[in-house]
Amino acid sequence: MTPLLALLGAVLCSLTMSAKVVPQADFDLQGVSGKWYLIGFATNAQWFVTRKATMKMGTAMLKPTAEGDLDLSYASLNSDGSCWRKNNLAKKTDVPGKFTYICQRWGSVNDMLVVDVKYDEYALIYTTKTKTGQTTTVTKLYGRGEEVNADVMEKFRQLSLEAGILAENIVFLPKNAECPAA
């Protein structure tokens, strides 16, 4: 009975959190355009738990489209000198600051929210990923430079904890050289 109650409690907490997460008011699509550094990453997903020690900072290029969607391009330099790249087109929704996309690489349906952004400094992203009936939450901290101040780092940590992510799965990524332009 106790494990069932614990599971029920965890489910209710995650439902409560996802109901409260909303995009930043007065979201400006053009404001997020350009280059961002992935500084923080957090999720309880098993793939991350096993790989987090080897992950390093990468860069993201966000490009708004004429239709109001967001073209996302991510690159991270691997230790062998090769580049890991990922591209997605995040489709706008009826809610400014909320996008949805299907990850071509993993096949997951992603709902992405820009929950807090200071356009010249940082962006906090909250994403729910659903694949084969399983949903995971990912939070990301992006910065316009390779570093953000301690207050922003704490905002990211709090967002992640409130999303139900375990403290040990909240990672601030070490700096890394950048991939050459594709």
CA sep, side-chain torsions, deciding dist, call: Tyr122, Met153, side chain to side chain contact (heavy atoms under 4.5 Å, CB included)
CA-CA 10 Å; Tyr122 71 90; Met153 293 172 78; over 6 Å; no

Atom CD of Glu146 and atom CH2 of Trp36: how far apart are they, to the nearest 0.5 Å?
14.5 Å

Hey, does Gln158 have a side-chain heavy atom less than 4.5 Å from the side chain of Leu161?
yes

Pair Thr100, Thr93 - check side chain to side chain donor-acceptor pair (under 3.5 Å), show working.
CA-CA 7 Å; Thr100 186; Thr93 66; over 6 Å; no

In Å, rounded to the nearest 0.5 Å, how long is the span from CZ of Arg85 to OG1 of Thr59?
8.0 Å

Can any side-chain N or O of Asn110 pair as donor or acceptor with the backbone N or O of Ile102 at less than 3.5 Å?
no

Just jot down the ring-ring contact (aromatic ring centres under 6.0 Å, His included) partners of Tyr119, sequence neighbours excluded, or say none.
none

Passing candidate, side chain to side chain contact (heavy atoms under 4.5 Å, CB included) with Leu62, options Val114, Leu29, Asp71, Leu70
Leu70

Any Lys20 side-chain heavy atom under 4.5 Å of Val22 side chain:
no

Would Ile39 and Met57 count as a side chain to side chain contact (heavy atoms under 4.5 Å, CB included) here? Give the steps.
CA-CA 6 Å; Ile39 295 171; Met57 185 179 290; 4.0 Å; yes

Tell me which pairs pass side chain to side chain donor-acceptor pair (under 3.5 Å) where either residue lies in residues 39-50, with sequence neighbours left out.
Asn44-Asn169

Value rounded to 0.5 Å, distance of CG in Asp111 from OG1 in Thr135:
9.0 Å

Would you mind reporting whether Leu89 and Thr65 have side-chain heavy atoms less than 4.5 Å apart?
yes

For residues Gly68 and Lys92, report the shortest heavy-atom separation together with the two atoms involved.
O-CB, 3.3 Å

Glu67/Lys91 salt bridge by N-O under 4.0 Å criterion:
no

I would like to know whether Thr127 and Lys129 meet side chain to side chain contact (heavy atoms under 4.5 Å, CB included); could you show each step before the answer?
CA-CA 6 Å; Thr127 304; Lys129 298 175 174 266; 4.0 Å; yes

Say whether Leu173 and Trp84 are linked into one hydrophobic cluster, either directly or through other cluster members, by side-chain heavy-atom distances under 4.5 angstrom.
yes

For Leu124 and Lys155: C-alpha separation, side-chain torsions, deciding distance, then whether side chain to side chain contact (heavy atoms under 4.5 Å, CB included) applies.
CA-CA 8 Å; Leu124 296 178; Lys155 279 184 178 187; 4.0 Å; yes

To the nearest 0.5 Å, how far apart are CZ in Phe99 and CG in Leu113?
9.5 Å

Do you know the tightest heavy-atom contact between Lys131 and Gly107?
CG-O, 4.3 Å

What heavy-atom pair brings Phe41 and Lys140 nearest, and what distance separates the two atoms?
CE1-CE, 3.4 Å

Looking at Asn176 and Leu77, would you say the former's side chain and the latter's main chain have a donor-acceptor pair under 3.5 Å?
yes

Non-hydrogen atoms of Asn78 and Cys83 that approach each other most closely
ND2-C, 3.8 Å

Could you give the distance from CD (Glu162) to CZ (Arg157), rounded to the nearest 0.5 Å?
10.0 Å

Looking only at atom types and distance, does a side-chain atom of Lys52 sit under 3.5 Å from a main-chain N or O of Glu168, one as donor and one as acceptor?
yes

Would a hydrophobic clustering, with Ile, Leu, Val, Met, Phe, Trp and Tyr connected at side-chain separations under 4.5 Å, put Leu166 with Leu159?
no

Are Asp69 and Tyr101 side-chain neighbours, meaning at least one heavy-atom pair lies under 4.5 Å?
no

Is the count of non-hydrogen atoms from other residues, nucleotides or ligands lying under 6.0 Å from Gln134 atom CD greater than 12?
no

Mind listing the closest non-hydrogen atom pair of Ile165 and Ala42 along with its distance?
CD1-O, 3.4 Å

Side-chain contact, heavy-atom cut-off 4.5 Å: Tyr37 with Glu178?
yes

Side-chain heavy atoms of Val171 within contact of Phe48, under 4.5 Å
yes

Where the side chain of Arg144 meets the backbone of Lys35, is there a donor-acceptor pair that is under 3.5 Å apart?
yes

Say you draw a straight line from SG of Cys103 to NZ of Lys86; how long is it, rounded to the nearest 0.5 Å?
4.5 Å

If you apply the rule side chain to side chain donor-acceptor pair (under 3.5 Å), what do you find for Tyr74 with Asn88, and how did you get there?
CA-CA 9 Å; Tyr74 180 79; Asn88 288 295; over 6 Å; no

Heavy atoms of other groups near Glu147 CD, more than 12 under 6.0 Å:
no

Val117, Met61: one ILVMFWY side-chain cluster at the under-4.5 Å cut-off?
no

Tell me whether Asp80 at atom CG has more than 12 heavy atoms from other residues, nucleotides or ligands lying less than 6.0 Å away.
yes

